[in-house]
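Values reported hereafter were calculated over all heavy atoms of this structure, with side chains retained and with hydrogens, waters and symmetry mates removed. The structure displayed is predicted, hence computed values, not measured ones.
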Amino acid sequence: MPVTSQELQSKLWQAADILRGQINSTDYKNYIFSMLFLKRLSDRFDEEVAIAVAAGVPRAAAVADPDEHQFAVPESAHWNQIVKATMNLGEALNIASHEIEYANAGRIDGVLTGTNWNDESKLGSPANRERIIRSLLTHFNDLDLRDDNFAADGGGTGNVLGDAYEYLIYQFADDAGKKGGEFYTPRSVVRLIVELLQPKEGMRICDPTFGSGGMLILAADYVQERGGNRQNLVLEGQERNLDTLAIGKLNMLLHGLASARLVAGDVIAEPALVDPQGRLNSYDRVIANPPFSMKNWGHDFAPADPHHRFDRYDAIPPRTRGDLAFLLHMLGVTNAGGMVGVVMPHGVLFRGGAEGKIRKGIVDADLFEAIIGLAPNLFFGAAIPVSICVLNKNKPAERRGKVLFVDAAQDGYYRPGKAQNFLDREHIDSIVSAFQGHADVERFARVADLEEIAGNDYNLNISRYVDTTEPVEVMSVEDALAQLREAERRRDEAVARMDELLAGMGYTR
């Protein structure tokens, strides 16, 4: 029977219930995601074989011919063989994971082998491991993950599988608390940034702090929603946390974006997205949510950076705050007509010292197009309000020499929640409309020219430019006198009534 998004989400969450109380919640995602992908690979492989056989290809050839398959699945690593194992299930899964990655060399490296099914420190004793793994295998065994099984849900396999996967990433980020922010940016915030950048078919798009891949996925979705071909995009990303990178790779695969180039490593110290000559790749759109105020980001390395990313403005970001180091990298890989959309803590807008010098250089270069303040508590583990900085190396003529400031941190531009606040569609629309209009909106948005910003010592704090105070109504003398006379009349009536009551009780004044 066809599987809907809701049914698949429920199935994945039930898998988490199997693990709950057995292992650390921060490890749930690795085991569930790996098993989901193993089942998906096998089911899709079988479906491809059936399609080829129906077209007249001999079955043996359909199984063996790599041209018939998106991903190869060796017979010994097929799901049907794994579920037949009666003992050493962890070893069977580990071997199958290695065999599949070897058969698809360079395409899904680390996606499956990053999960160790024999890890005693996480899954416990051999008996406990066998019981947990058998429960998961049984749970997933009746799930049919062929493409054809998702047709009735609409939107195709990539939407159903990918959205269910995103749902589980969100749930795990919520469960992981502060650490959740390391691999997940709220979908609404990503959507907002994508709509500000307006990517188009044929563009090169990069997320240098890739995380779980949501920014590249929504950029591709945005292009498709507007009639473009999402496959006609160059999508690239880098992530230093290998577990998170594996989650991101799998996310891209389940969303039908297998051609994305995703690499491991520290993007500051070891930028790996380079051309054959070792030069940094350049992009039309760069979008990211880098770690906030990262310590030990690579300050000692920066002066000798062969790509000269950090010496453009006569200062290097401070040793204990790497925010502007990430921004400088992003500017360094943006082409002459490109744009940057990045989440930043508010401190980068006003802190002095080296950050002040860098900010001055970026303002004088007329790269800031908009600075948008968002509400606090939108991100997991980050209660502070944040800003979205939009930078443009090719501003429209009418926007040159100007910066748009938007205060969306006030009531009415987010939905408050108990533990977390939210951006809804109406809030995104308000912000995008202000950006596209690039004009003053009372108590919400204001366009400031560079001369005013320089006069404020290059302080970009939004409150300096957007006045959110309610206007005080000044009462006329006539209205004030009328109110006074009315108050006096009410007083006289009250006194007369009091005298009447006192007289009735035998008291007189």
Side-chain angles (χ1 to χ4, degrees), residues 185 189-226 228-240 245 248-249 251-252 255 257-291 305-310 312 322-344 362 365-370 388-396 435:
T185 302
V189 176
V190 179
R191 184 73 192 188
L192 170 60
I193 302 175
V194 168
E195 293 192 14
L196 294 171
L197 296 183
Q198 295 183 309
K200 296 176 176 60
E201 181 180 349
M203 283 188 170
R204 297 174 54 84
I205 305 173
C206 177
D207 181 349
T209 55
F210 178 67
S212 58
M215 291 194 167
L216 294 184
I217 289 167
L218 285 190
D221 288 348
Y222 179 89
V223 169
Q224 180 171 285
E225 290 162 7
R226 281 149 185 80
N229 182 356
R230 68 204 299 261
Q231 301 301 331
N232 189 19
L233 292 168
V234 174
L235 303 175
E236 298 189 335
Q238 183 163 349
E239 172 60 46
R240 69 176 190 166
L245 179 63
K249 284 183 175 181
N251 201 10
M252 300 293 281
H255 277 90
L257 297 168
S259 63
R261 182 187 177 196
L262 311 170
V263 298
D266 185 331
V267 75
I268 299 296
E270 299 174 318
L273 295 170
V274 296
D275 65 16
Q277 288 72 44
R279 297 170 300 194
L280 293 174
N281 289 344
S282 62
Y283 304 93
D284 301 289
R285 297 290 186 268
V286 182
I287 180 171
N289 175 22
D305 174 34
H307 305 290
H308 300 284
R309 290 168 291 169
F310 311 110
R312 298 171 186 268
D323 303 303
L324 289 183
F326 287 102
L327 181 55
L328 289 175
H329 168 81
M330 295 175 75
L331 287 171
V333 298
T334 303
N335 63 32
M339 296 176 68
V340 171
V342 59
V343 180
M344 285 274 138
I362 297 174
D366 198 13
L367 295 177
F368 282 111
E369 184 167 2
I388 293 175
C389 297
V390 179
L391 300 96
N392 193 339
K393 287 193 173 181
N394 186 29
K395 284 185 183 181
F435 176 76

Inter-residue atom distance Asp207.CG - Met215.CE, 0.5 Å rounding: 6.0 Å
Nearest atoms (heavy-atom pairs only) where Met339 meets Thr334: N-CG2, 3.7 Å
Between CZ on residue Arg285 and CG on residue Leu196, distance to nearest 0.5 Å: 11.0 Å
Side chain Glu369, main chain Lys395, donor-acceptor under 3.5 Å: no
Any Leu262 side-chain heavy atom under 4.5 Å of Phe210 side chain: yes
Evaluation steps, side-chain contact (heavy atoms from CB on, under 4.5 Å), between Leu331 and Ile362: CA-CA 10 Å; Leu331 287 171; Ile362 297 174; 4.1 Å; yes
Euclidean distance, Glu225 CD relative to Glu195 CD, rounded to 0.5 Å: 8.0 Å
Any side-chain heavy-atom pair of Asn394 and Asn392 under 4.5 Å: yes
Closest heavy-atom pair and its distance - His329, Pro271: CE1-CB, 4.3 Å
Residue pair Ala219 / Ile205: nearest heavy atoms and the distance that separates them: CB-CD1, 4.1 Å
Ile268 and Phe326, any side-chain heavy atoms less than 4.5 Å apart: yes
For Leu216 against Gly237, the heavy-atom pair lying closest together: CD1-N, 4.4 Å
Heavy-atom check, side chain of Ser259 versus side chain of Met252, under 4.5 Å: no
Separation of Leu235 CG from Met203 CE (nearest 0.5 Å): 12.5 Å
Distance, nearest 0.5 Å, that separates NE2 of His308 from CG of Leu328: 14.0 Å
Whether over 12 other heavy atoms sit under 6.0 Å from Arg240 CZ: no
Steps toward side-chain contact (heavy atoms from CB on, under 4.5 Å) verdict (Val333, Val286): CA-CA 8 Å; Val333 298; Val286 182; 4.0 Å; yes
NZ or CZ of Arg226 within 45° of Tyr222 ring axis and under 6.0 Å: yes
Check: Asn229 main-chain N/O paired with Glu201 side-chain donor or acceptor under 3.5 Å: yes
Residues Leu218, Asp221; criterion side-chain contact (heavy atoms from CB on, under 4.5 Å); working and verdict: CA-CA 5 Å; Leu218 285 190; Asp221 288 348; 3.8 Å; yes
Least distance between heavy atoms, Gln238 atom then Ala264 atom: NE2-O, 3.8 Å
Close side-chain approach of Leu233 to Val223, heavy-atom, < 4.5 Å: yes
Side-chain heavy atoms of Asp284 within contact of Asn335, under 4.5 Å: yes
Leu327 to Leu391 - nearest heavy-atom pair and separation: CD1-CD1, 3.8 Å
Between Asp275 and Asn281, a side-chain donor and acceptor under 3.5 Å: no
Pairwise distance CE(Met330) to CZ(Arg309) - rounded to 0.5 angstrom: 12.5 Å
Lys393/Leu367 under side-chain contact (heavy atoms from CB on, under 4.5 Å): CA gap, chis, key distance, verdict: CA-CA 6 Å; Lys393 287 193 173 181; Leu367 295 177; 4.0 Å; yes
